[in-house]
Amino acid sequence: MRFLVKSLAALLLVLVAACSSAVRVTPPSPQGPAAAACERLANQLPRELDGEPRVASEPPSPYVAVWGAGQITLRCGVRRPAAMAPTDTVNDVNGVAWYADPYKPTLFTAVNREAYIEVTISVIHQPGNVLVQLADPIKAAVP
């Protein structure tokens, strides 16, 4: 019985540690108005996105948000997408223009804002659902 209790306690500690581990994401380094807009956005983002809870990122940054075990990541203040040409079409989702990277089908970048906002969405999620849920916070925080 004592062995069983110790085993269960050890298993619980492993599960808690696994659930609380931060997801490693390299934060961008926006400057000036873009940095201020990204900091406002950090306070507007939902605690849950497409059914995934928001979790910590490593290193901690106001320019990064993560949901689930990294299934959805947001980086605010990134550079303009390198693959984006001036003639490329963007998709409007509730007033936010999103560039879908043709070489990385899980990568979307909001491009009609004071700061570029990059969102990576795992294939287990529908991009439309995620982008719709992000539209209002982005419009409220990033002109």
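Using a 4.5 Å cut-off on side-chain heavy atoms (C-beta onward), Pro27 and Pro59 make contact. Counting heavy atoms from C-beta outward, Ile121 and Leu131 have side chains that approach closer than 4.5 Å. Put simply, the side chain of Pro28 reaches to within 4.5 Å of the side chain of Val64, judged on heavy atoms. At a threshold of 4.5 Å between non-hydrogen side-chain atoms, the residues Val130 and Phe108 do not count as touching. Annotation: side chain of Pro30 is not in contact with side chain of Glu39 (no heavy-atom distance under 4.5 Å).
In terms of hydrophobic clustering, with Ile, Leu, Val, Met, Phe, Trp and Tyr side chains grouped at heavy-atom distances under 4.5 Å, Leu134 and Ile72 are assigned to a common cluster.
Between the side chain of Asp101 and the backbone N or O of Leu107 there is no donor-acceptor pair closer than 3.5 Å. The closest donor-acceptor contact from the side chain of Arg54 to the backbone of Leu49 lies at 3.5 Å or more, if one exists at all. Under the 3.5 Å distance criterion, the side-chain polar atoms of Thr109 are left unmatched by any main-chain donor or acceptor of Val111. Between the side chain of Tyr99 and the backbone N or O of Arg80 there is no donor-acceptor pair closer than 3.5 Å. Within the 3.5 Å criterion, the main-chain N or O of Asn94 finds a donor-acceptor partner in the side chain of Lys139. Remark: the backbone N or O of Asp50 is paired with a side-chain donor or acceptor of Gln133 at under 3.5 angstrom.
The minimum heavy-atom distance linking Ala141 with Gln44 is given by the pair CB-CG, 3.9 Å. Minimum interatomic distance between Val78 and Glu118 (heavy atoms only, all atoms of both residues): CG2-CB, 3.8 Å. Of all heavy-atom pairs between Val96 and Ala110, the closest is CG1-CB, 3.7 Å. Between Val23 and Ala69, the shortest heavy-atom distance links the atoms CG2-C, 3.9 Å. Closest of all the heavy-atom pairs between Val66 and Ser57 is CG2-CB, 3.9 Å. Shown here for Val90 and Ala97, the closest heavy-atom pair between the two residues is CG2-CB, 3.7 Å.
A 6.0 Å sphere centred on CD of Glu48 holds more than 12 heavy atoms belonging to other residues, nucleotides or ligands.
Ile138 contributes atom CD1, which lies 13.5 Å from atom CD of Glu114 (distance to the nearest 0.5 angstrom).
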